[in-house]
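A short worksheet on the structure shown next.
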Amino acid sequence: MPMEWKVRYVDYPTQFRGLESEVLATIRSVLAGGDLMLRQQLRDFETHLAAFVGTQHAVGVSNCTDGLRLILQALGVGAGDEVITVSHTFVATAAAVHHCGAKVVLVDVGDDHLMDPDEAAQAVTPRTKAILTVHLNGRICDMRRIKLLAQRHDLLLIEDAAQALGARYAGVGAGAFGVAAAFSFYPAKLLGAYGDAGAVVTSNADLALRIARLRDHGRMPGGEIAEWGFNCRLDNLQAALLDLKLARLQRALTRRRELAAQYHELLVDVTSLKLPPPPAEGRHFDVYQNYEIEADERDQLVAHLQAQGIEIMKPWGGKGIHQFAALGLGHFSLPRTEAMFRRALMLPMHPELSNEQIEYVAREIKAFYSGRMVRNRAA
Ligand SMILES: *Cc1c(COP(=O)(O)O)cnc(C)c1O
């Protein structure tokens, strides 16, 4: 559908214009130096990323999906093991578990749209090896209780932090809770590359070395092949560009929080909506990868907003991963996840949005619901 959006969901051209000279200078310098694979720019980015997250190590990889799979494989998770995760996530989370041979166990979400620790506790069996928790939409799960659960049953705690770089919970950064975590630098993510990219973070030196080896054909620094590996490297050029953007990330996250506060202020009185919590400085420090809301008459609202030139997304097309028949996970019954997917939509959210654009979106949402009231009364 060719359409001139007035408010884009993500706005790559505007983002590029804001950083154009720095991006081009970085590309020129990397290419002129011939620094294409596993060079200093990658090591610099890994150092800066680990410091930003609060872990000892970061290992750049091809994407978050590969990062999660490498973590699971390096930790020996495989056939006969069960891994607990959620259905309100991108299919990649479960694919990583599936491809290392373990069984995907899905549990329901709580009111916050994130893993419900009680449901996770119920799902533990003698075969459970790991909890793969997902910090969705820039908000960290209830890690106090999920960490206790992992400790009580001696389970590996792994974070899918694809959507949470810079989010904090009780002062701890996303990615610094478990044995290891993976981040995505897909272009639309909080820190976006110009293509696919990802990283694994951990404070376990042996695990970091193992993952660095697995991402590069099992090779050791001297060229010795230590084991069967993969090609899951992060390109040096992308690493250099990510390093440039990482230095500006805090400012972008602050802007996302301002926009979320503005959405909240403008929409909090619309009783047909359920909003995420507004930005706070308490236990949760949220960074709003997405602004996911629930809405009455969701599909009609989406159609109205799209018609007004506002680009809206339904999370993953409006289905949890157990609702995609081809994946063979249809035996899970997750009523709260299913109810949420019937009502969820995501409003435009990226640091380049103007306050006027947020006002326009809010105005159109209110116009939709007041129009419905008038029509309902007339009927
Ligand atoms: C984007 C995303 C992934 C996958 O990241 P890639 O870098 O595209 O592999 C995994 N999990 C979640 C929650 C995501 O949002």
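FYI, the numbering just counts along the sequence from 1. Quick caveat: nothing in here was measured; it's all calculated off a predicted structure. All ligand and atom numbering here is 1-based and tracks the order in the structure.
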What do the steps show when you test K129 against E82 for salt bridge (Lys or Arg N to Asp or Glu O under 4.0 Å), and what is the final call? CA-CA 6 Å; K129 187 80 179 267; E82 294 177 359; over 6 Å; no

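- Evaluated for a side chain to side chain contact (heavy atoms under 4.5 Å, CB included) with P117, the options M143, R144, R145 yield exactly one hit, R145.
- Applying the salt bridge (Lys or Arg N to Asp or Glu O under 4.0 Å) test to E258 and every residue at least two apart in sequence or in another chain returns R255.
- Looking only at atom types and distance, the side chain of E338 has a donor-acceptor partner in the side chain of H322 under 3.5 Å away.
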If you look at each N/O of ligand 1, which protein N/O atoms lie under 3.5 Å away, and at what distance?
residue  : atom   : partner : partner atom : Å
ligand 1 : 5 (O)  : S184    : OG           : 3.2
ligand 1 : 7 (O)  : C64     : N            : 2.9
ligand 1 : 7 (O)  : S184    : OG           : 2.7
ligand 1 : 9 (O)  : N63     : OD1          : 3.4
ligand 1 : 9 (O)  : C64     : N            : 3.3
ligand 1 : 9 (O)  : T65     : N            : 2.9
ligand 1 : 9 (O)  : T65     : OG1          : 2.4
ligand 1 : 11 (N) : D160    : OD1          : 3.3
ligand 1 : 11 (N) : D160    : OD2          : 2.7
ligand 1 : 15 (O) : Q163    : NE2          : 2.9
ligand 1 : 15 (O) : K189    : NZ           : 3.0

Please list every donor-acceptor pair under 3.5 Å in which a side-chain atom of residues 339-347 meets a protein atom from a residue at least two apart or in another chain.
residue : atom : partner : partner atom : Å
R343    : NE   : E294    : OE1          : 3.0
R343    : NH1  : D296    : OD1          : 2.7
R343    : NH2  : D296    : OD1          : 3.4

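- Pairs of residues two or more places apart, or lying in two chains, that qualify as side chain to side chain donor-acceptor pair (under 3.5 Å) and include a residue from residues 94-112 are D108-T337.
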